[in-house]
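One structure is given here, and the rest of the page talks about it.
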Amino acid sequence: MTLQALTANRLLDGEVVFWSGDAWVEQFADARLYDAEAPAEAALASAKGLATVLIDPYLIAVTDDGAAPVSFRERIRALGPSDHLDLGKQAQGGAAIAAIQHAHGAARSTGRLSLIRRKP
Amino acid sequence: MPTLIRLEDGAFVEAADPFTAVADDMPVPAEGAVVLPLARFEAEGAGLLDEGRPVGVLLQPDEAVEGLAYDLPRLALVALAFPKFRDGRAYSSAALLRSRLGFAGEIRAVGDVLREQARDMARCGFDAFVPSDGSGAADWTAAAGRYRHVYQTAADHRAPAFVERESE
Amino acid sequence: MSVYAYDQIDRDMLADRAAEFRGQVTRRLAGDLSEDQFKPLRLMNGLYLQLHAYMLRVAIPYGALDGRQLRALAEISREFDKGYGHFTTRTNIQFHWIRLKDAPDILDRLAAVDLHAIQTSGNCIRNVTADPYAGATAEEVDDPRVWSEAIRQWSTFHPEFTYLPRKFKIAVTGSAKDRTAARSHDIGLKLTRNRDGQLGFEVMVGGGMGRTPYLGPTIREFLPARSLLSYLTAILRVYNRLGRRDNIYKARIKILVAATGAEDFGRQVEAEWAALDQAAIDLPDLELARIRTAFGVVPFEALPARSTAFEAARAADPAFARFARNNLAPHKRPGYAIVNISLKAPGETPGDATAEQMEAVAGLAERYGQDDIRVTHAQNLVLPHVKLDDLPVVFAELQRHGLATPNLDLVTDIIACPGLDYCALANARAIPIAQDIARRFETPDRAEAIGELKIKISGCINACGHHHVGHIGILGVDKKGEEFYQLSLGGSGAEDASLAAILGPALPADQVAPAVEALVDAYLGLRSDASERFLDTYRRLGPAPFKEAVYADADQA
């Protein structure tokens, strides 16, 4: 199966958090990556019981190399807004953040790109 | 037994409920006060009223109160259903019952009925409530009394801000 | 005095609301309320959970603020957020980095300056949009703020209309020139006078953006002004009873009006209105007069129409001359001007202002602008009453704070919602697209040569970026986790309202700005003369040449 991580927003301040295996942490790089369904689901189930700590815990798909969430939306959650690179999790910089920033998306070559050639 | 809260002379009080709510597939009890769904009322209501029994009608949000206009003077109560608290049609139904159809009997909120709705319901003319959130009369008193003023005229005849200002 | 002066009743209302919300937050944090129970309560106070944190949407009633209020917003952004705020297309302000535990304190701080977040979310009547030039433009029949304030009070905690099928937005314009996008609102109200000189409203109902855009048809040509609130009550009651509740995408009044037909819908409203106790609902003349008085009287000076200082600065400083050309609008009084402050510096986030910028604008309003500030649906600010004599110093101060971008209604004055950079509903980012486009046209000469061109970008189908009424509308869509953008042309939110039509297949993010450039180049080659706007050229020629410009090589590829 594809790798998964467990994420949520913290009730008190809305901060994006990830489950590290023993704590809720703020950086995706510290998230525990699950390569099996059962422990991931078990972690999700226990997170759902933390109603005064978390809002809406859910599992996200992670790229095969474990470096970044698959979806664009989850990458922005793991980084921060692209109009303020000094804000959010990305502000701390480093290799793990850079890896998310430079992760390649899903298929970009839908074929349509080549249709839009610009005149010189 | 669900709690029934009545709004009597401006105070929320818990009260015993003399009415039996008759579901669609349930026989009408042999005696006592009943609340019937609209279709059942149309079929069986006249007979029960003739027996001199207190009769109420339960309206779903898509059932127009105007349809009851003829029977209203004989009805003891109209129950208005909230399938979800976000379904606000019954507020208009209550307002129309009071202000247009002149109904003076009990208007009862049933279904997804939460204390947060206390003020809006009371303002639209509801005077009986069957809460679904476990709240009691004290909660309803607190929730409904939280605001010292209102801005608009409604079925509760509270003086709106523009009237309060006139008298200043 | 410039904004409506709250009395004790208005203040008590906000204080009671803030106290109520504090209690609800306490219950949530203690676990007495579940998230499912709490969410609708926090939303009714404008508190959303977005991607990175909570977002608080603060109402700016009909877009009008005074310096004290804008300073308070700046302080809140600094103390509880990250030093900036985002002005929205509904003339509200959003803070994107709010903590739940701070929210009750923020509501108290807002209430201290007569501001609040009431009904900035939820299926209720939202903040009214009004003409940002209200009280300043000679075009207006009457001041729309008076009527907007009447609507604010009537709609605040309206017991019957708090759980409508869907959210509900009202716009009031005082003049035929429409700066409110009236026909794109659930109800658009245009102040007008009938043949007898009586004041009233043209009533448009059933406009909207979103998944299914409509321009609202007129259901009443003339409604006597004093009957406004009872007539609104009738419309809302018909909608509350008959609007669809089975499908969230079909729940807006526009769907009801379209399905019923404007004439039939109008008849139902008239019937309901006739049966209402209008006298109990409509404000007495004395209260209307009190509201009008509570806005105060602007102490205009008798000034010559021509200002030597202004003319001298214009002759001496080309940058000032450009600003004057693009960002000023004529004032009703000689010697004054309406100053538009663009929040669209190329490369910046459309609609964002830092705390320092907010304080600078507040200071300018207090010193040179009768303490009056407006927010526009194009996410810009306005100082409605500035003396021509003071313009050079106001301009210099704006320049110092990065607020003197001379691009009102030009290609770089782009509307964009927060998009996927912040918003939990978005499918794609809007801000970087706006930044890309703006950078391409950042040379002011070029932007000015292109003339009026309104680009509007939404990050999802909810259309907060008003893409349906953009001369060029851009809609972000999600294609298998990737951001794509659909271009539409020919929309307008002004008095010549129209809906934009989709040009062709969606483009990947990096192709959007080049495509816009191609559209602009095509327009420059096609326009009959420099006075023909992009929109006019498109209306004259239709989509074909523009489609050709963007998708030129499609067949050969």
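Bear in mind the structure is a predicted one, so any value in this text is a computation, not a measurement.
Note that CG of C:D143 is 4.0 Å distant from CZ of C:R145, once rounded to the nearest 0.5 Å. For the atom pair C:I291 CD1 and C:E149 CD, the distance stands at 5.5 Å (nearest 0.5 Å).
Closest non-hydrogen pair, C:L228 versus C:L223, comes out as CA-CD2, 3.9 Å.
For a residue to count as touching a neighbouring chain, one of its non-hydrogen atoms must lie under 4.5 Å from one of that chain's; by this rule C:R290 touches chain B with the side chain only. The parts of B:A64 that come within reach of chain C are both its backbone and its side chain, each placing non-hydrogen atoms under 4.5 angstrom from that chain. For C:P40, the part lying under 4.5 angstrom from a heavy atom of chain B is the side chain only. Residue contact with chain B, scored on non-hydrogen atoms closer than 4.5 Å, involves the side chain of C:D7 exclusively. Of the two parts of B:A161, the backbone and the side chain both hold a non-hydrogen atom closer than 4.5 Å to a non-hydrogen atom of chain C. Using a 4.5 Å cut-off between heavy atoms, B:V163 makes no contact with chain C at all. C:L286 does not touch chain B: none of its heavy atoms, backbone or side chain, sits under 4.5 Å away. Contact of C:T162 with chain B is made through the side chain alone, with heavy-atom distances under 4.5 Å. The contact between C:E20 and chain B is made by backbone and side chain atoms together, counting heavy-atom distances below 4.5 Å.
Proximity to chain B at a heavy-atom threshold of 4.5 Å picks out C:R241, C:R245 from residues 241-255 of chain C, in numerical order.
With respect to B:R89 and B:E63, no salt bridge is recorded, no charged nitrogen being found less than 4.0 Å from a carboxylate O. Looking at B:D156 and B:R119, no side-chain N of the basic residue comes within less than 4.0 Å of a carboxylate O on the acidic one, giving no salt bridge. The residues C:D186 and C:K169 are annotated as not salt-bridged, no charged nitrogen and carboxylate oxygen being separated by less than 4.0 angstrom.
Using the six-membered ring where Trp is involved, B:Y91 and C:Y163 have ring planes that are parallel, under 30° apart on the 30 and 60° scheme.
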- Message: Let's go through C:D277 and B:R100 carefully: what are the C-alpha distance in whole Å and the side-chain angles of both, what is the deciding distance for salt bridge (Lys or Arg N to Asp or Glu O under 4.0 Å) to 0.1 Å, and is it a yes or a no?
- Response: CA-CA 9 Å; C:D277 182 0; B:R100 187 157 309 161; over 6 Å; no
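Ranked by heavy-atom pairs under 4.5 Å with chain C, the first of B:R123, B:R146, B:R148, B:K84 is B:R148. Interface summary for chain C: among B:L96, B:L114, B:D133, B:V150, the most heavy-atom pairs under 4.5 angstrom belong to B:L96. Note on C:T233, C:L41, C:L236: by heavy-atom pairs under 4.5 Å with chain B, the leading option is C:L41.
If you look at C:Y62 and C:Y4, their ring centroids are not closer than 6.0 Å.
Within a 6.0 Å radius of CD in B:E31, no more than 12 heavy atoms belonging to other residues, nucleotides or ligands are found.
Using a distance-only test at 3.5 Å, with no hydrogens or angles considered, no donor-acceptor pair links the side chain of B:D120 to the main chain of C:E160.
Across B:L80, B:D127, B:L4, B:V78, a single residue satisfies side-chain contact (heavy atoms from CB on, under 4.5 Å) together with B:R108, and that is B:L4.
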